[in-house]
Peer 1: 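Would you mind keeping the following structure in view while I ask a few things?
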Amino acid sequence: MKLSIIGAGYVGLVTGASFAELGHDVTIMDIDDEKIRKLEKGIIPIHEPGLDRLIDKNSDRISFTTNMEQVVREADIHFICVWTPPLEDGSADLTAVRSVARELGKNFKKLKAKNQIVVTKSTVPVGTGKKIRALIRQTYKNEFSVVSNPEFLRESQAVADMMRPDRIIIGSNDNIAAQKVAEIYKDVKAPIIITDLATAEMIKYAANAFLATKISFINEVANVCDLVGADVEQVAEGIGSDKRIGKSFLKAGMGYGGSCFPKDVRALHQFSNDSGYDFKLLKSVIEVNEQQRNLIIDKLNKHLKIMNGKNILVLGLAFKAYTDDVRESVAIDVINRLQKEGANISAYDPLALINAQKHLGEDVIFVGKAYDGAQGADAIVIATEWPNFKDLDWPSIKDLMRKPLIIDGRNLLDPNEMRRMKFTYEGVGRG
Ligand code: UDX
């Protein structure tokens, strides 16, 4: 099939490369000239395991362009994959989506295109599909269809999530268009759920909000565990073994970050409100997530008494492991707060140092090895769950530190082992 991807960001590139792997011809378009030129030379602007290989392997089926006319000439199913960043009030900014819809409309008309299908992959509030239809209608009067096919891609596992998803959601008020989009995925082994446009849009928000709720729930359980002397890791294992609950997304820590959960939970809360419903539970999910990072600072304060002049090494800057992405990273926020209290910060991350430098002040010392930052440290904060932090030579690190204090914001290390090494260790909800 001949498909286009509009927006060569994270979602667009993974989706486009995967569609090419499934045997389709894909035109990937972006308004960023420099990005497209790089992509044409094989330079992939994001870090995502397996993506470069997939693009390279399928290069004869992928073309890149900045030209919307070319997109409409080469494809008849168009996936909108542009960003929908949060506005001040939490609602999604649809400027890019609207602009793409207008451009599509103009070019459909200019090229007298027929049987066009416009699909939203970007996470868009319920009702956006309808708005896209109205915008295109302003210039293009022939029949066309709008479909919602939300993505559920996790950064660092996005290629696998795309090729082996748990389910594929396709929503449209035009059943023939929905079946045509389903056809794209015929070689993917996953159940396909076909529904209407609004329901598909809602499924995406409800899925992310539910996962965020699981995280805030376990974080609150952790906070009680701390008070009553129970271990949240074992509580999560115990409750997660019940199939109705499931083990995933029950890792207590400093709260969720990244480009999706914070934005999508706020947006669902906002558009529920706009529709006349006060989604109380989500308000709490957001509050708990924000409060969780204070907890790390409280734990540091408890041991260090005064933060001013203290040397703190932060291990991990990415919003989660295996990515260089620092968007809405809790680590960055915690560093900013510690600096406000006068602490001297050094920081290490296996992948995210360059991106983090753009978000943090010059006062942060970025180190190329965890050991370099440990010299003279009064505390270490583990802010991202990078598994290789477990393998550090902790006895040597302890010798370098001024005070052997570890605040493990991701419950990565074994508390007993760390205490055996004579560290003062605090995790989240470890009793
Ligand atoms: C998420 C969704 O999983 C994906 O389906 C959607 O399309 C985009 O948003 P992603 O942002 O890549 O994906 O990250 P994810 O792995 O879901 O983690 C999100 C955040 O939650 C991270 O900050 C992570 O550290 C935190 N988290 C996750 C926890 O604190 N505890 C958990 O148990 C799981």
Side-chain angles (χ1 to χ4, degrees), residues 9-12 14-15 46-49 51 81 83-84 86 92 120-124 149-162 164-169 200-201 203-223 232-233 235-237 239-240 245-268 285-286 288-293 295-296 316-334 349 352 382-387 408-412 427-429:
Y10 195 83
V11 170
V14 174
T15 305
I46 54 165
H47 171 87
E48 183 60 36
L51 178 62
C81 301
W83 72 332
T84 53
T120 48
K121 265 268 172 227
S122 306
T123 305
V124 289
N149 171 217
E151 51 83 17
F152 299 95
L153 308 178
R154 285 165 300 175
E155 286 189 29
S156 79
Q157 295 168 66
V159 172
D161 284 348
M162 185 72 201
R164 293 184 293 282
D166 287 345
R167 78 310 204 182
I168 295 160
I169 305 291
E201 290 170 337
I203 287 171
K204 170 66 201 249
Y205 277 100
N208 274 0
F210 186 77
L211 293 170
T213 304
K214 270 186 109 174
I215 299 171
S216 279
F217 176 82
I218 200 69
N219 280 336
E220 291 225 278
V221 170
N223 298 342
V232 72
E233 292 294 307
V235 172
E237 171 79 22
I239 62 172
I245 296 174
K247 287 189 183 166
S248 58
F249 284 77
L250 285 181
K251 185 85 188 156
M254 288 162 55
Y256 58 78
S259 62
C260 291
F261 281 2
K263 161 176 92 74
D264 293 350
V265 177
R266 282 200 295 265
L268 176 54
V285 168
I286 296 166
V288 170
N289 196 53
E290 278 161 11
Q291 144 202 307
Q292 208 58 19
R293 56 196 74 180
L295 201 109
I296 298 303
L317 296 163
F319 83 96
K320 67 173 188 180
Y322 300 110
T323 175
D324 63 349
D325 193 345
V326 298
R327 283 176 291 174
E328 295 262 358
S329 167
V330 183
I332 304 283
D333 190 30
V334 165
D349 189 287
I382 298 183
T384 308
E385 62 280 20
W386 280 104
D408 184 354
R410 295 292 174 189
N411 286 349
L412 188 76
V428 180

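Each ligand, and each atom within it, is numbered from 1 in the order the structure gives. All values derive from a computational prediction rather than experimental measurement.
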Peer 1: Sequence neighbours left out, what passes salt bridge (charged side-chain N to carboxylate O under 4.0 Å, His left out) with Glu237? Give chain and number order.
Peer 2: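 Counting only residues at least two positions away or on another chain, Glu237 forms a salt bridge (charged side-chain N to carboxylate O under 4.0 Å, His left out) with Lys247.
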Peer 1: With sequence neighbours excluded, what pairs up with Glu151 under the salt bridge (charged side-chain N to carboxylate O under 4.0 Å, His left out) test?
Peer 2: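 Result, salt bridge (charged side-chain N to carboxylate O under 4.0 Å, His left out) vs Glu151: Lys204.
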Peer 1: Is it the case that the side chain of Glu220 and the backbone of Val288 share a donor-acceptor pair, with hydrogens and angles ignored and the cut-off at 3.5 Å?
Peer 2: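 No.
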Peer 1: Return the protein residues near ligand 1 (heavy atom under 4.0 Å from any of its atoms), ordered by chain and residue number.
Peer 2: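 Residues within 4.0 Å of ligand 1: Glu151, Phe152, Leu153, Arg154, Glu155, Lys204, Asn208, Ile215, Phe249, Leu250, Lys251, Tyr256, Gly257, Cys260, Phe261, Phe319, Lys320, Glu385, Arg410.
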Peer 1: Checking Arg410 against Val330 for the side chain to side chain contact (heavy atoms under 4.5 Å, CB included) test, could you report, in this order, the C-alpha distance in whole Å, the side-chain angles of both residues, the deciding distance, and whether it holds?
Peer 2: CA-CA 11 Å; Arg410 295 292 174 189; Val330 183; 4.1 Å; yes
Peer 1: Is there a donor-acceptor pair under 3.5 Å between the side chain of Lys251 and the backbone N or O of Ala236?
Peer 2: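 No; zero donor-acceptor contacts below 3.5 Å.
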Peer 1: When the side chains of residues 256-263 are checked against the rest of the protein, which donor-acceptor pairs come out under 3.5 Å, sequence neighbours left out?
Peer 2:
| from | atom 1 | to | atom 2 | distance (Å) |
| --- | --- | --- | --- | --- |
| Lys263 | NZ | Thr84 | OG1 | 3.3 |

